[in-house]
Amino acid sequence: IKKEKIDIDKKANEYAMKNIMLKLLAPAFEKVIEIHYRAKADIESVVPMIAVLRYKADKGVCPENLQQLVDEGYLKQIPIDPFSDEPMRYKKAGDDFVLYSVGLNLVDDGGVMGKDLSGKSKNWLDNGDAIFWPVGK
């Protein structure tokens, strides 16, 4: 989305203006595109999560970065975050790690999940990152 500089709202509106049915369904198209990218990010996160956990089980510590997992044969390549078209985000956090996507706002918020109107942290909001690890409660 970011690499191709796609404005989802603008694209949906362009198509919607050409057809009354599309005009009525345009909000649903935007949601379908969002769900597709969310699912892709969820899938892309599974292999590096397992690789980090295997590395930690073998070495007793988390790797410094995802490139270390590639260099030591735990990963073939660093997975790409479909929202930024850049490598999936990873950082050590004490004895644990954080694996995340920049999410819907396309901004790296440093591995901080978005908050809803009541202040509760939640994945896939438009004001924070999507956190894959650690797994939320």
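The structure presented is a predicted model; accordingly, all values stated were derived computationally and were not measured.
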Is there a donor-acceptor pair under 3.5 Å between the side chain of Lys92 and the backbone N or O of Val61?
no
Grab the two heavy atoms, one from Cys62 and one from Tyr90, that are nearest each other, plus how far apart they are.
CB-OH, 3.5 Å
So do Tyr100 and Asp81 actually touch side chain to side chain, heavy atoms under 4.5 Å?
no
Least distance between heavy atoms, Leu99 atom then Pro48 atom:
CD2-CG, 3.9 Å
So Val47 and Pro79, do their side chains get closer than 4.5 Å, heavy atoms only?
no
Does Asn105 offer a backbone N or O that forms a donor-acceptor pair with the side chain of Asp126 under 3.5 Å?
no
Atom of Lys115, atom of Ser121 and distance for their closest heavy-atom approach
NZ-OG, 3.2 Å
Nearest-0.5 Å distance that lies between atom NZ in Lys120 and atom CE in Met113:
10.5 Å
Apply side chain to side chain contact (heavy atoms under 4.5 Å, CB included) to Leu104 and Leu125, showing your working.
CA-CA 7 Å; Leu104 300 174; Leu125 294 177; over 6 Å; no
Nearest 0.5 Å, please: how far is CD in Glu64 from NZ in Lys91?
14.0 Å
Is it the case that more than 12 heavy atoms not belonging to Glu72 sit under 6.0 Å from its CD atom?
yes
Drop me the distance from Trp124's CH2 to Ile131's CD1, to the nearest 0.5 angstrom.
9.5 Å
I need the Lys40 NZ to Ile43 CD1 distance, nearest 0.5 Å.
9.5 Å
Return the minimal non-hydrogen interatomic distance between Val102 and Ser84, and the atom names on each side.
CG2-CB, 3.8 Å
Would you give the length of the straight line joining atom CE of Met49 to atom CG of Leu53, rounded to the nearest 0.5 angstrom?
8.0 Å
So if I apply the side chain to side chain donor-acceptor pair (under 3.5 Å) rule between Arg89 and each of Asp129, Asp109, Asp108, which one comes out positive?
Asp108
Which pairs, with at least one residue in residues 56-75 and sequence neighbours excluded, count as a ring pair (Phe, Tyr, Trp, His ring centres under 6.0 Å)?
Tyr55-Tyr74
Stepwise, does the side chain to side chain contact (heavy atoms under 4.5 Å, CB included) test hold for Phe97 with Lys56?
CA-CA 10 Å; Phe97 65 98; Lys56 186 177 179 182; 5.7 Å; no
For Pro87 and Ile78, the nearest pair of non-hydrogen atoms, with its separation, is CB-CG2, 3.6 Å
Cluster check Val70, Trp133: I/L/V/M/F/W/Y, side chain < 4.5 angstrom
yes
Counting neighbours of CG on Asp95 that are heavy atoms of other residues, nucleotides or ligands and sit closer than 6.0 Å, is the number greater than 12?
no
Nearest heavy-atom pair of Leu75 and Leu66: which atoms, and what distance?
CD1-O, 4.3 Å
Roughly how far apart are Glu86 CD and Leu106 CG, rounded to 0.5 Å?
10.5 Å
